[in-house]
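Data block below; observations after.
Every heavy atom of this structure was used, including side-chain atoms; hydrogens, water molecules and symmetry mates were not.
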Amino acid sequence: MRVYLPCTLPELARAVETGELGPAPLTGYAVTPALVEWYASGDTEELEYVALTEAARASLRMLADDPAAPPRRVVVAAEVPDGSLPHNGADLREKARVRLTEPIPMTKVAAVHVDDLRATGDVKAAVAALPDADQGDDDARFTVDGAEAHELLWYATQEIPDILDS
């Protein structure tokens, strides 16, 4: 099963150095039964895109917690055994959220999705607007949506060093 893990560039560098994403527990996003039920007309590709998008939004929150991190959303796509991802039903707004109880070895990483450098201004603005967006401010939500309008670029695992050097 594919799981999408929100990340930042410094966290990705640490994962490369240690050989794993962690420590556990980790929050990820995947095609859960709740997501399938909610998006009944979606095929697997569409459902995975929803999970990826939710992970990208969570990456924004990680950037807010680490102001020194470069303002680029990062999502790591990894393969985990089917049935190993219990859905975190505490927040029904995030139907794709799962909780991983073990670190993810870098050998299980399938790809990395990262913002293009041209998105950094919008990502910075979105990070700054998150608190107001969470309070329901429509202008702040529009700013957050501006970052989410940027498609994440796909990178193969062998390209991770290039991402970290950029």
Exercise. Applying the 4.5 Å side-chain criterion to the ILVMFWY set and letting contacts propagate, would V109 and V74 be lumped into a single cluster?
Worked result: yes
Seminar exercise, completed: Cluster membership besides V144, Ile/Leu/Val/Met/Phe/Trp/Tyr side chains within less than 4.5 angstrom, sorted by chain and number, is L60, L63, V123, V127, L130
Problem set entry | P131: partners by side chain to side chain contact (heavy atoms under 4.5 Å, CB included), with sequence neighbours left out | none
Please tabulate, for the side chains in residues 151-165, all donor-acceptor contacts under 3.5 angstrom to protein atoms that are two or more places apart in sequence or on a different chain.
{"unit_1": "E151", "atom_1": "OE1", "unit_2": "Y49", "atom_2": "OH", "d": "3.1"}
{"unit_1": "E151", "atom_1": "OE2", "unit_2": "Y49", "atom_2": "OH", "d": "2.9"}
{"unit_1": "E159", "atom_1": "OE1", "unit_2": "A156", "atom_2": "N", "d": "2.7"}

Exercise. Looking at residues at least two apart in the chain, or sitting in another chain, which of them share a salt bridge (charged side-chain N to carboxylate O under 4.0 Å, His left out) with E79?
Worked result: R2
Exercise. Short question: side chain of S59, backbone of C7 - any donor-acceptor pair under 3.5 Å?
Worked result: yes
Exercise. Going by atom types alone, do H150 and D122 pair a side-chain donor with an acceptor below 3.5 Å?
Worked result: yes
Seminar exercise, completed: Of all heavy-atom pairs linking L100 and G28, the shortest is CD1-N, 3.9 Å
Exercise. Are V16 and I104 co-members of a hydrophobic cluster defined by side-chain heavy atoms under 4.5 Å apart?
Worked result: yes
For this session: Taking salt bridge (charged side-chain N to carboxylate O under 4.0 Å, His left out) as the test, write out the residues that go with R57, two or more places apart.
Result: E148
For this session: Only counting residues at least two apart or in another chain, list the ones meeting side chain to side chain donor-acceptor pair (under 3.5 Å) with H113.
Result: none
Exercise. Of all residues at least two apart in sequence or in a different chain, which pass the salt bridge (charged side-chain N to carboxylate O under 4.0 Å, His left out) check with E11?
Worked result: R14
Problem set entry | Nearest-0.5 Å distance that lies between atom CD in E102 and atom CG in L26 | 10.5 Å
Exercise. Between Y29 and A51, which heavy-atom pair has the shortest distance, and what is it?
Worked result: CB-O, 3.4 Å
Problem set entry | Contact summary for P70 and P10, nearest pair of heavy atoms | CD-CD, 3.9 Å
Seminar exercise, completed: Nearest heavy-atom approach of M1 to A30 is SD-CB, 4.4 Å
Problem set entry | Listed once per pair and sorted, the side-chain hydrogen bond (donor to acceptor under 3.5 Å, both in side chains) pairs that draw on residues 127-142, sequence neighbours left out | R61-D134
Seminar exercise, completed: Across all chains, not counting sequence neighbours, the side chain to side chain contact (heavy atoms under 4.5 Å, CB included) partners of E20 are T18, P103
For this session: Measure the OG1-CG distance between T27 and L5 for me, rounded to the nearest 0.5 Å.
Result: 9.0 Å
Exercise. Cluster question for you: counting only ILVMFWY and a side-chain heavy-atom cut-off of under 4.5 Å, with indirect links fine, are Y4 and V80 together?
Worked result: no
For this session: Please collect all salt bridge (Lys or Arg N to Asp or Glu O under 4.0 Å) contacts where either partner lies in residues 63-74, sequence neighbours excluded, each pair once.
Result: R73-D115
Exercise. If you group Ile, Leu, Val, Met, Phe, Trp and Tyr by side-chain heavy-atom gaps below 4.5 Å, do V75 and L12 land in one group?
Worked result: no
